[in-house]
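Taking it in order: structure first as structure tokens, then the write-up.
Quick note: residue numbers are just sequence positions, from 1.
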Amino acid sequence: MSALLLFCALLHLGIDSNLARRHSPCTDLRPQDLLSEIIEAPGTLVNGFRMVQERGVRGLRLSQDVKATSFPSSLIFKFCNYFPAEFSIVITLKANYLSSKKNEYIFTLLQENSNHMLLGLRVSSDKVHFEFSHGDHPYRHRKRATFRDLYLADRRWHTLVLAVTANIVSLTIDCCPPVDMFLNTSFPEHLNVARSRFYIGSRRRRKGLFTGLLRQLVLLPGSDATRRICLNPNPRLAALSVPKLLTELPLKPSETDIVKHPYEAEVKVTVGSYPSCSEATASHLWFDVINKGLFICDGKIWVSILRAKERLDYVEDYQNLVTNSETLDVEIFEIPTVGLFAATANKKRRPGSTIFKWSDGKFEPYQNITTYEAQAWKHFSIGPQVFLAVANFEKNEQNQEYSVIYRWSQRKLRFVLYQRLATHSARDWEAFQISGETFLAVANHREGDNHNIDSIIYKWNPNTRLFERNQTIPTSGAYDWEFFTVGPYSFLVVANTFNGTSTRIYSRIYIQLGGMFRLFQSIPTYGATDWEVFRVRERVFLAVANSQSYETGALNRVNPFNINSTIYELNITAQMFVKFQDIPTNSAVDWEFFTVGDDSFLVVANSFDGSKFFLNSVIYRWQGYESFVPVHQLPTYGCTDWEKFNTADGSYLIYSSAKEHISKVLKLKTY
């Protein structure tokens, strides 16, 4: 006798229907599309969700009306009242950046007459939590499996498969190798779901509401869904069952029709200061009010869509930035939703270096940090976390030599100490990412009188949440690191300044092969203090700042500080950088590349000519066949660094002075 005939016979004989249900399958083995239940359910509110297209893919954004995004579990469990003991849940989502203490629910299964949660899945900034009830008493017997260090809240599409069998919970993300977790208590074989309700993206309240996009939410009883979906060539969007409404373009309604399902494209248009462009903001738009241009982020740089032809006219004095002491470096950076900042690397330890914040059209002091003859700051991010690393040149009061990493605290709205790293007269930090992994390279200048020492590359360990030593590279008076990519290849170039006897030494370019940086090319330099990589259309250039030509015991017949700095261009055929242009400089310390409209510029920091520090630093403009030609001369005093930045009010240059307590902000005037 078939199961259906047996079921009907039992009902006909008046036997308890619950007994009949207990011996019948709770569901068949087909995928149960939970999103379709809220989309197609009768009486679904129009404002319960919105269809949003992001990067060519459509998902659902839920409203704060939680009633509109729930349905009774009886729609799924039609044959019995027990949740399957073995199952998979498939989710495709795009989560927004979340603070460390914030949680958002993907779905919950709650009893209708109480807040008792039978089953739930939630995400935080770096975790996924799976929870289930193991008894009839609310909260007392709830079990939880927490998967850590995942960083799903990166505004990118991800597909997750959560598979549950007995006491094993397995999580697969984007078809990568699964992570298994063993529970002390097995998932219940008879989890009663009678009179319960599924809540999609919430827990029956606004707190914890999922603010991202949901594209797929599927319950597959009885098996692991990983093999069924990982045949997809795009694992981030691997599909088991996606609502039809999200896979087809909506029909254009007539004038008398009412749009049943609101539809929009998630195109973020940023207006104002120069926003960051990364994989997380790919396809976002930026409207530059000052330059009257519209740009789109391609995942790396802003590409012009529509732009007025703008030209640099002249540069004017804008603000005298008073600093605690002489300043060797300025780092300009922006913290999303907080503002634009400038960190100055000051020579004197007390009161230390200063972080300024842009407010009402100028920089104002925001925070002081004790440093020890700071040489440079470096800003970088890991997921939603924002960091600042300082290169300290001298020892602290305890005769210890450390450079320090600080982390931005959302609670204190300040940078707080995060990690100390032993360095040797550090001159510079360079932060970069390769294949989703974060690295920090420090330029160790000397140890005592020995300039021929190792500089270190550190790598972020997501488990310990610390930077750990990854590779050492021999350097000679290292002054600067510069990271860049060409196609699929990653490069690091170091500016070697002095080997103990001469400044006429090789600076070296390294390429990453087999997970390590290996020597790619050696370039002769003269007291090199900075490398600047830039692109003009499809051409790749490297500019070196040469500070002086000096050799112990040698008799210099010419001024050693008046020396050419050099621009090199990558020759793809020869697979090497070749000399492109020599530019006369006076103990150059820094190059900065920037663009205005269609024009490309380089500004050099001239610091000393052998007798005086009052010198003109020079802006050069790209002239195509004529290479770079000087167009503006800017009076500076002991200039050591140039940075260019944009705000809603215009474009600016800022330079640091190693000879006075004032750095200057200059405004670019255009026509």
Side-chain angles (χ1 to χ4, degrees), residues 50 52 54-55 61-64 93-104 123-127 151-156 206-213 264-290 294-297 299-302 331-343 354-367 369 377-389 405-416 418 431 433 438 643 645-652:
R50 299 188 69 83
V52 177
E54 168 66 1
R55 302 186 186 184
R61 169 158 290 144
L62 307 174
S63 76
Q64 293 187 354
L93 54 79
K94 187 176 78 70
N96 297 325
Y97 293 129
L98 300 174
S99 63
S100 58
K101 295 183 179 180
K102 188 175 181 181
N103 288 272
E104 294 186 351
V123 296
S124 59
S125 61
D126 59 350
K127 301 179 184 70
Y151 303 103
L152 294 176
D154 58 1
R155 296 186 61 84
R156 302 177 67 185
R206 294 183 179 181
K207 183 179 180 181
L209 182 75
F210 185 65
T211 59
L213 298 179
E264 63 189 51
E266 190 179 67
V267 179
K268 300 293 185 182
V269 182
T270 302
V271 178
S273 60
Y274 198 95
S276 61
C277 174
S278 63
E279 289 187 8
T281 57
S283 79
H284 285 198
L285 298 177
W286 166 48
F287 182 69
D288 188 345
V289 178
I290 301 301
L294 184 63
F295 300 82
I296 187 169
C297 174
K300 293 183 178 179
I301 62 172
W302 290 103
E331 177 80 348
I332 304 293
F333 60 95
E334 188 165 4
I335 300 178
T337 73
V338 180
L340 180 71
F341 293 86
T354 305
I355 298 173
F356 297 84
K357 184 179 181 183
W358 187 264
S359 178
D360 296 328
K362 61 181 180 179
F363 282 115
E364 297 285 355
Y366 185 83
Q367 181 182 1
I369 294 178
W377 286 100
K378 188 63 182 181
H379 158 263
F380 61 96
S381 298
I382 302 176
Q385 298 185 88
V386 177
F387 296 91
L388 262 183
I405 302 172
Y406 297 87
R407 181 183 61 82
W408 176 259
S409 170
Q410 289 286 2
R411 182 175 63 85
K412 296 181 179 180
L413 296 181
R414 289 288 188 275
F415 282 97
V416 297
Y418 187 80
Q433 288 193 339
T438 303
E643 296 291 332
F645 64 95
N646 298 316
T647 73
D649 299 320
S651 299
Y652 302 83

Spacing of OG belonging to S124 relative to CG belonging to N103, to within rounding of 0.5 Å: 5.0 Å

Pair R414, Y366 - check side chain to side chain contact (heavy atoms under 4.5 Å, CB included), show working. CA-CA 9 Å; R414 289 288 188 275; Y366 185 83; 3.1 Å; yes

So, taking the atom named CD in Q367 and the one named CZ in F341, what distance separates them when rounded to the nearest 0.5 Å? 9.0 Å

Could you walk me through whether L388 and K378 pass the side chain to side chain contact (heavy atoms under 4.5 Å, CB included) check? CA-CA 6 Å; L388 262 183; K378 188 63 182 181; over 6 Å; no

With distance as the sole test, does E104 use its side chain to make a donor-acceptor pair with the main-chain N or O of T211 at under 3.5 Å? yes

Looking at every heavy atom in both N646 and L340, which two are closest together, and how far apart are they? O-CD2, 4.4 Å

In terms of ring plane angle, is the pair F333 and F415 parallel, tilted or perpendicular, where the classes change at 30° and 60°? perpendicular

Just how far is it from atom CD1 of I335 to atom NZ of K357, taken to the nearest 0.5 Å? 8.5 Å

Compare every heavy atom of Y97 with every heavy atom of A153, then report the nearest pair and how far apart it is. O-CD2, 2.9 Å

Rounded to the nearest 0.5 Å, what separation is found between the NZ atom of K94 and the CZ atom of R156? 11.5 Å

Does W358 reach the main-chain N or O of E334 with its side chain, forming a donor-acceptor pair under 3.5 Å? no

Side chain proximity check, V386 to F380, heavy atoms < 4.5 angstrom: no

Any chance you could measure L213, atom CG, to L62, atom CG, to the nearest 0.5 Å? 9.0 Å

Once the angle between the rings of F645 and Y652 is folded into 0 to 90°, is it parallel (under 30°), tilted (30 to 60°) or perpendicular (over 60°)? parallel

Would you name the heavy atoms of A95 and L152 that are closest together and state the gap between them? CB-O, 4.0 Å

Report the distance from atom CG of N96 to atom CG of D154, rounding to the nearest 0.5 Å. 10.0 Å

So which heavy atom on W302 is nearest to which on L285, and how close? CZ3-C, 4.0 Å

Set out, in order, the CA-CA distance, both residues' side-chain angles and the distance that settles side chain to side chain contact (heavy atoms under 4.5 Å, CB included) for L413 and W408, then state yes or no. CA-CA 7 Å; L413 296 181; W408 176 259; 3.8 Å; yes

